[in-house]
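Have a look at the structure below before the remarks.
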Amino acid sequence: MSKYTRVRGTQDFLPERAELLHFINESAVSFFENYGYRLIITPTFENSELFKRSVGESTDIIQKEMYEFKDKGGRDLALRPEGTASVVRAYIENNLGELPKPVKLIYVSQMFRYERPQAGRYREFWQIGAEAIGSPDPALDAEVIELCLNFLNSLAVKDLKLIINSMGCRNCRPGYIKVLKKFLSEKEALFCKTCSQRIEQNPLRVFDCKQKECQKVLSEAPKISDYICEEDKEHFEKVKIYLKTLNVEFVIDPHLVRGFDYYTRTAFEITLSSLGSQDAIAGGGRYDYLIKDYGGPDEPAIGFAFGTERIMLAFENQNITVFTEPEPDVFVAWVEEAQKSDALRISAMLREKHLRVSMAFDSRKLKSQLKLADKLNANTALIVGEEEIKSGKYTFKDLESAKQEKLTIEEVVNKFKDNK
RNA sequence: GUGGCUGUAGUUCAGGGGCAGAACGCCUGACUGUGGCUCAGGAGGUCGAGGGUUCAAAUCCCUUCAGCCACCCCA
């Protein structure tokens, strides 16, 4: 083996998987177009500060996982760990607020996080994300959630579970956090180590703990739904009603807390238990203050992202295959080296007529060339020998029926006219 | 970042101190210019990498890298 190997947590997408990735990405763009989304492409790296502001200084993503570096001009840069910050930055910088609201954008790109790799978790990974900016309407929340779920359904991904919650806004969440903190502090002794650390730093995250003892205590914890303000409550109620209108099944999970600081109000997550411990296939929510925080207009927004490799994993687990290897229409074989240039020329002629053509290279006997044609699953073979060159009629062999006839190039092309 | 399992041919894997193996795949041949099936032959390995113990290491020990699993985190 060469000393050069993949960097940990990165992947080579070999043709089959590369085509699957491409297929999912392309499908998403056209599917989302039906909902009014347009593609946006932003840079792979940004100023580190951009992400620190949005994702939150205290989060693991910023503290431990971001790929940060200085460029030769001394700029502090970071490979993007998520997509929303860049889209919002681009929205403000290019005055996209001038467009009719909500402005709907989709992105399809790699993200980078320095995490311990696992199935469905890579250091460079793909996300398909969508952002709808400029409307607080709960109907938009419902449309976005339905889009997210419906896209996965369109790909025939099964056994999905949608969980939703409202995280409150800046007016009511602090009050809830206070109450929660008080409750947690009183029971601190009952929690595991990580949980008791979180009580001070980020009490909402205690809900993420999977330890049974912690969950037991948490079942008695104050629920955010009892503390969110009237406006948020009303908003969330409407989201639920609209989701029902759309026949979207959901589970309300009062413990669902998204990992980024910028989320407000509606939060949701789609999970697929067959994926193992990395079971979140999509996640998102509202971020009503982020645009203003970045110095843009005061516009609420909602968005989400898919983990594309996780969609691919679901495909593989369900044995969904999307592609068969492309079969050559014609395999051009030559008898002797002398006819190789004719074979090359004829291949080009056939391709000009939009046929899929492969030919034999290297010193191979006719026999081994046909063997190759068979392996490539070619439908037909065109044999180019001395005789054929002289007469202008080539041996055209149907590789399935093994029948062969002598045809001119034009006649060969006509053979494929019906199916093209 | 923590703990566990795994790493042998292109692939899937056997072998667990004494000659590096199987299946599939790949290449060649079975007389003239014809594939699939069959038969015969062949190529292909620093046993993930580095060090140590031993007369002798794929095998035991240490380190390291990578993959997977759980934690963590999240998509």
Side-chain angles (χ1 to χ4, degrees), chain A residues 1-11 14 55 59-66 81-84 109-130 148 152 192-195 197-198 202 205 208-211 256-260 268-272 275-285 303-314 331 333-336 338-339 360 362-388 394-404:
Chain A
M1 214 204 288
S2 158
K3 63 176 175 175
Y4 297 111
T5 56
R6 236 173 287 142
V7 171
R8 183 152 150 103
T10 63
Q11 327 166 65
L14 303 184
V55 177
T59 59
D60 276 9
I61 290 186
I62 297 304
Q63 287 195 339
K64 307 182 199 162
E65 299 175 3
M66 199 154 73
E82 61 105 24
T84 302
S109 46
Q110 292 102 312
M111 302 297 157
F112 305 85
R113 288 182 205 168
Y114 189 85
E115 289 186 277
R116 188 117 167 215
Q118 219 171 301
R121 185 165 80 186
Y122 304 93
R123 289 182 175 179
E124 179 182 15
F125 61 101
W126 287 78
Q127 278 193 347
I128 297 166
C148 188
L152 292 173
C192 67
K193 244 186 193 168
T194 29
C195 280
Q197 275 172 7
R198 277 174 179 161
N202 202 342
R205 296 226 66 91
D208 286 347
C209 187
K210 281 163 191 152
Q211 306 257 356
L256 172 66
V257 202
R258 309 248 70 249
F260 303 151
F268 67 99
E269 202 169 282
I270 295 176
T271 57
L272 182 58
L275 293 182
S277 69
Q278 311 305 320
D279 65 349
I281 200 163
F304 68 87
F306 292 107
T308 314
E309 285 89 349
R310 293 181 186 178
I311 298 178
M312 292 170 75
L313 257 180
F331 183 92
W334 39 269
V335 178
E336 287 156 333
Q339 290 101 41
D362 307 315
S363 343
R364 280 172 178 268
K365 290 190 172 175
L366 183 59
K367 191 185 174 93
S368 109
Q369 293 183 38
L370 284 167
K371 212 176 231 176
L372 184 59
D374 195 54
K375 268 172 210 153
L376 295 175
N377 263 317
N379 294 311
T380 66
L382 191 71
I383 298 168
V384 181
E386 206 178 348
E387 245 175 73
E388 282 85 350
Y394 301 85
T395 306
F396 180 73
K397 179 169 187 171
D398 184 321
L399 288 175
E400 205 170 317
S401 65
K403 281 184 191 149
Q404 54 184 55

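Side chains included, hydrogens not; waters and symmetry mates left out as well; all remaining heavy atoms used. Order of the sequence lines sets the chain letters (A, B, ...), proteins ahead of strands, with each chain counted from 1.
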Applying side chain to side chain donor-acceptor pair (under 3.5 Å), name anything that partners A/Gln11, two or more places apart in sequence or on another chain. A/Arg17, A/Glu309

Any side-chain N or O of A/Ser277 under 4.0 Å from OP1/OP2 of B/A70? yes

Where A/Phe331 and A/Ala373 come nearest, the two heavy atoms and their spacing: CG-CB, 3.5 Å

Gap separating the CD atom of A/Glu65 from the OH atom of A/Tyr114, nearest 0.5 angstrom: 11.0 Å

Within this structure, what is the CZ-to-P distance between A/Arg8 and B/G67, rounded to whole angstrom? 5 Å

What distance, rounded to whole Å, do you find between the two P atoms, one in B/G29 and one in B/C65? 48 Å

Assign A/Gly120 to base, sugar-phosphate, or nothing according to its heavy-atom contacts below 4.0 angstrom with the strands shown. base

Ring stacking, A/Phe306 with base of B/A75, under 5.5 Å and under 30°? no

Who pairs with B/C19 - Watson-Crick or G-U, where each distance is under 3.5 Å: none

Counting any heavy atom closer than 4.0 Å, what does A/Gly83 reach on the DNA or RNA strands: base, sugar-phosphate only, or nothing? nothing

The salt bridge (charged side-chain N to carboxylate O under 4.0 Å, His left out) partners of A/Glu386 (sequence neighbours excluded) come to none

Pair partner, B/A58 [Watson-Crick or wobble, under 3.5 Å]: none

Starting from P on B/G67, measure out to CD on A/Gln278 and report it in whole angstrom. 14 Å

Counting any heavy atom closer than 4.0 Å, what does A/Ala373 reach on the DNA or RNA strands: base, sugar-phosphate only, or nothing? nothing

Pick base, sugar-phosphate or nothing for A/Arg6, based on heavy-atom distances below 4.0 Å to the nucleic acid. nothing

Over how many whole Å does the gap from A/Arg121 atom CZ to B/G67 atom P extend? 12 Å

Distance between C1' atoms of B/C55 and B/G50 (Å, rounded): 23 Å

Using atom P of each nucleotide, how far apart are B/A22 and B/U32 to the nearest Å? 32 Å

Do you know the tightest heavy-atom contact between A/Gln369 and A/Ala360? OE1-CB, 3.3 Å

Would you call A/Ser277 and A/Gln118 a side-chain contact if the rule is heavy atoms closer than 4.5 Å? yes

Whole angstrom value for the distance that separates P of B/C74 from CD of A/Gln63: 12 Å

Whether each nucleotide of nucleotides 25-37 of chain B has a protein heavy atom under 4.0 Å at its base (B), only at its sugar-phosphate (S) or at neither (-) is summarised, 5' to 3', as -SSSS---BBBB-

Please check: side-chain N/O of A/Glu336 versus main-chain N/O of A/Ala338, any donor-acceptor pairing under 3.5 Å? no

Kindly say if A/Arg310 contacts the phosphate of B/A75, meaning a side-chain N or O under 4.0 Å from OP1 or OP2. no

Could you check whether A/Phe304 gets within reach of a base, just the sugar-phosphate, or nothing at all, counting any heavy atom under 4.0 Å? nothing

Does B/G10 have a Watson-Crick or wobble mate here (both distances under 3.5 Å), and if so which one? B/C24

For B/G36 versus B/C68, give the span between their P atoms, rounded off to a whole number of Å. 39 Å

Side-chain touch A/Ile311/A/Leu152, heavy atoms, less than 4.5 angstrom: yes

Determine the Euclidean distance between corresponding P atoms of B/C5 and B/A9; express it in Å to zero decimal places. 22 Å

P atoms of B/G33 and B/G44, separation to the nearest Å: 30 Å

Mate of B/U46 across any strand shown (Watson-Crick or G-U wobble, both atom pairs under 3.5 Å) is none

Side chain to side chain donor-acceptor pair (under 3.5 Å) filter on A/Glu388, not counting sequence neighbours, yields A/Thr395

How close do A/Leu366 and A/Trp334 get, counting heavy atoms only, and between which atoms? CD1-O, 3.9 Å

Centroid-centroid under 6.0 Å between A/Phe304 and A/Phe306 rings: yes

Nearest-angstrom distance, C1' atom, B/G7 to B/U12: 14 Å

Under 4.0 Å protein heavy-atom contact, by nucleotide of nucleotides 2-10 of chain B - B base, S sugar-phosphate only: BB-------

Closest to the A/Ala119 side chain, choosing from B/G1, B/C69, B/C72: B/C69

Test side chain to side chain donor-acceptor pair (under 3.5 Å) applied to A/Arg364 - qualifying residues, sequence neighbours left out: A/Ser368

Mapping A/Gly276 and A/Gly9 to their closest nucleotides on RNA chain B, which lands nearer the 5' end? A/Gly9

Taking a pair as Watson-Crick or G-U wobble with both distances under 3.5 Å, which nucleotide is matched to B/G1? B/C71

For B/G36, which nucleotide is its Watson-Crick or G-U wobble mate, given both distances must be under 3.5 Å? none

In whole angstroms, how far is the C1' atom of B/A75 from the CD atom of A/Gln127? 5 Å

Check every strand shown and say whether A/Glu82 touches a base, only sugar-phosphate, or nothing at a heavy-atom separation below 4.0 Å. nothing

Do you know which two heavy atoms are closest between A/Leu313 and A/Ala119, and how far apart they sit? CD1-C, 4.3 Å

Send over the distance from A/Ile61 CD1 to B/C72 C1', rounded to a whole Å. 13 Å

In this structure, how many angstroms lie between the P atom of B/G1 and the CD atom of A/Glu65, rounded? 11 Å

In whole Å, what separates the C1' atom of B/G45 from that of B/C26? 16 Å

Across every strand shown, the nucleotide meeting Watson-Crick or G-U wobble geometry with B/C31 (both distances under 3.5 Å) is none

Is the shortest side-chain N/O distance from A/Gln118 to OP1 or OP2 of B/G67 below 4.0 Å? no

Provide, to the nearest angstrom, the distance between the CD1 atom belonging to A/Ile270 and the P atom belonging to B/C74. 18 Å

